Amino acid sequence: MYGLVDCNNFYVSCERAFQPRLLGRPVVVLSNNDGCIISRSQEAKDLGLKMGEPYFQVKPVLLRHGVQVCSSNYALYGDMSRRVMHYLASVAPEIEIYSIDECFLDLHGLEPYCGEFTQLAAEWRRQIGRRTHIPVCIGLAPTKTLAKLANRLAKKQPGGSGVLCLDSPERRQWALEHTPVEDVWGIGGQYGRKLHEQGIRTAAELAAQSESWARKQLGGVVGARLVRELQGRPCQGLLPSEDGSLSRKSIACTRSFGEPLSDFADLSAAVAHFTSRAAEKLRRQGSAASVLTVLLSKNRFGPEPPPHSRTAVLTLPTATSDTGELLRHARAGLRRIWEPGTVYKKAGVLLDGLETAGQQQLLLFEPNEQAERRAQLMADLDKINQRFGAGAVRFAAALPQKGTYVLPWVGQSQFQTPAYTTVWEDLLCIRG
DNA sequence: TCTGGGGTCCTAGGACCC
DNA sequence: TCTGGGGTCCTAGGACCC
């Protein structure tokens, strides 16, 4: 049996956990620079507000209905996510953290120790609510795809228990018949339209197709796997990891600017900042990168025809996780694509060709003191920043100009809430 | 005026090589 | 009129997921 735990309207729920006055009211959370709506409470959904809608377009609607607006607060969401995942990892045999607000559970082998999966999941759900104030729903089924489907139905039952277990063929058939085909995991807009044209409207009708048909219609092996999983035959297990956190094949740090930038100096500082952040993520998962991509984008909504972005892909002489070295390559990449007089709206750094860190040193015949000292320096840097806050110690290349700490690429977050759980100064104060 | 970020996987044309 | 074939890399983009 597989489980899928999904935090309901996660970002909004995190804000509500520390601001109970937001309960029962329409709330939305905005993306970077207060750009788009990325999380909505049920009340906000009921007003017809859509995922990804630009804030400036729906502002009148938000005002009219008194919708509470929050800028995104990733320090808070990341920490709340860790708490939920940590609890699940302590009670389930295996977990796979699928995203910041979702994780798969592998419950195989647990059957002898629990009478009813439904009761067990309901207890986990209750515990998560008690410990974090984050509401979750749990779907249980013999495959990951069916667990996703069960979760979706659990969420839709008004006043339901928040748990749905598809442990019999009859329940699975019922669930498939009550799921529109476009809501199946892996069916997006394109495939959804295509299936409707062929008269396939529900997950049940899709599950009734043959594997060879799916192979032809839905992108080869991926489609065949999807149909098998809907039929209750598992073809994907949990992805392996030490603690549930997936080891990524690529790591990115990209950002739209608050104000458009043109100067090489500004863009260089922004790219250096993104490189530093990406390098930190890289070291956190114990990897080294052998390919670095620098990305510059113009305004993709502007009147200019595409292309709107340029990339420079650099193959590094050896895989590295050293911020200093990555900064050198990033700067060289930026030089290659930057054009004077061009107005840019976004930049980014992507790290690919990831290997396990340390491996590449085995290629050397003698121990490399220099490399060891650099590795120690990076470890110390990460330790200091973990203790005193991100960016407490930085490379000078990631500073905008001598003596200033104003980052020209950082935009407005008008409705920022405190980082309640990760910054001492932001700790919630309750007066008795 | 303002329209996110981080992933995975795939496609397709052109350059270049054998 | 006819004018190789196959491989890799580079670049830009699409589809899908959260």
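Nothing here was measured: the structure is a model prediction, and the numbers come from that model. Lettering of chains follows the sequences in order, A, B, ..., and the numbering in each one begins at 1.
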Is [Y] paired with [X] through a side-chain N to carboxylate O contact shorter than 4.0 Å?
X        : Y        : value
A:Arg374 : A:Glu325 : no
A:Glu43  : A:Arg16  : yes
A:Arg40  : A:Glu53  : no

[X] [atom1] - [N] [atom2] separation (whole Å):
X        : N      : atom1 : atom2 : value
A:Leu351 : B:dG6  : CG    : C1'   : 13 Å
A:Phe56  : B:dT1  : CZ    : C1'   : 9 Å
A:Tyr55  : B:dT1  : OH    : P     : 17 Å
A:Phe301 : B:dC2  : CZ    : P     : 11 Å
A:Glu259 : B:dT1  : CD    : P     : 14 Å
A:Leu295 : C:dT11 : CG    : P     : 12 Å
A:Met51  : B:dG4  : CE    : P     : 13 Å
A:Tyr74  : B:dG4  : OH    : C1'   : 7 Å

Going by atom types only, do [X] and [Y] share a side-chain donor-acceptor pair under 3.5 Å?
X        : Y        : answer
A:Tyr77  : A:Glu15  : yes
A:Thr422 : A:Asp79  : no
A:Thr320 : A:Asp322 : no

So A:Lys59, base contact, sugar-phosphate only, or nothing? Heavy-atom distance under 4.0 Å. nothing
Counting the atoms with a prime plus P, OP1 and OP2 as sugar-phosphate, which does A:Ile251 contact under 4.0 Å by heavy atoms, base, sugar-phosphate, or nothing? sugar-phosphate
Are side-chain heavy atoms of [X] and [Y] found at a separation under 4.5 Å?
X        : Y        : answer
A:Arg335 : A:Arg331 : yes
A:Leu206 : A:Leu218 : yes
A:Phe10  : A:Glu102 : no

For a quick test of reading the model, state the closest non-hydrogen atom pair linking [X] to [Y] and the distance between them.
X        : Y        : result
A:Gly162 : A:Arg125 : CA-NE, 3.7 Å
A:Leu105 : A:Leu238 : C-CD1, 4.1 Å
A:Val12  : A:Val27  : CG2-O, 3.7 Å

Please output the side-chain donor-acceptor pairs of residues 275-284 of chain A that fall under 3.5 Å, not counting sequence neighbours, one pair per line with the distance.
residue, atom, partner, partner atom, Å
A:Thr275, OG1, A:Val271, O, 2.6
A:Ser276, OG, A:Ala272, O, 2.9
A:Lys281, NZ, A:Ala252, O, 2.8
A:Arg283, NE, A:Asp382, OD2, 2.7
A:Arg283, NH1, A:Ser321, O, 2.9
A:Arg283, NH1, A:Thr323, OG1, 2.8
A:Arg283, NH2, A:Thr323, OG1, 3.4
A:Arg283, NH2, A:Asp382, OD1, 2.9

Within residues 194-211 of chain A, residues whose heavy atoms come under 4.0 Å of DNA chain C: none
So which one's nearest nucleotide on DNA chain B is more toward 5', A:Lys345 or A:Ala252?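 Nearer the 5' end of the strand: A:Lys345.
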Please figure out whether A:Lys346 or A:Ser247 has its closest DNA chain B nucleotide nearer the 5' end. A:Lys346
Does [N] have its OP1 or OP2 closer than 4.0 Å to a side-chain nitrogen or oxygen of [X]?
X        : N     : answer
A:Ser250 : B:dG6 : no
A:Ser256 : B:dG5 : yes
A:Asn33  : B:dG4 : no

Provide the full list of ring-ring contact (aromatic ring centres under 6.0 Å, His included) pairs with a residue in residues 232-266 of chain A, sequence neighbours left out, each pair given once. A:Phe264-A:Trp338
Is a donor on one side and an acceptor on the other found under 3.5 Å between the side chain of A:Ser250 and the backbone of A:Asp352? no
Give me the distances for all protein-to-nucleotides 7-10 of chain C N/O pairs that come in under 3.5 Å?
none

Distance, P atom - from B:dG4 to C:dG14, rounded to whole angstrom: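 Here C:dG14 and B:dG4 have their P atoms 15 Å from each other.
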What bend angle does the helix from B:dG5-C:dC18 to B:dC18-C:dG5 show across its length, from five-pair end axes and to the nearest 10 degrees? 20°
Protein-proximity profile, nucleotides 13-18 of chain C, B/S/- by nucleotide at the 4.0 Å heavy-atom cutoff, equals S-SSSS
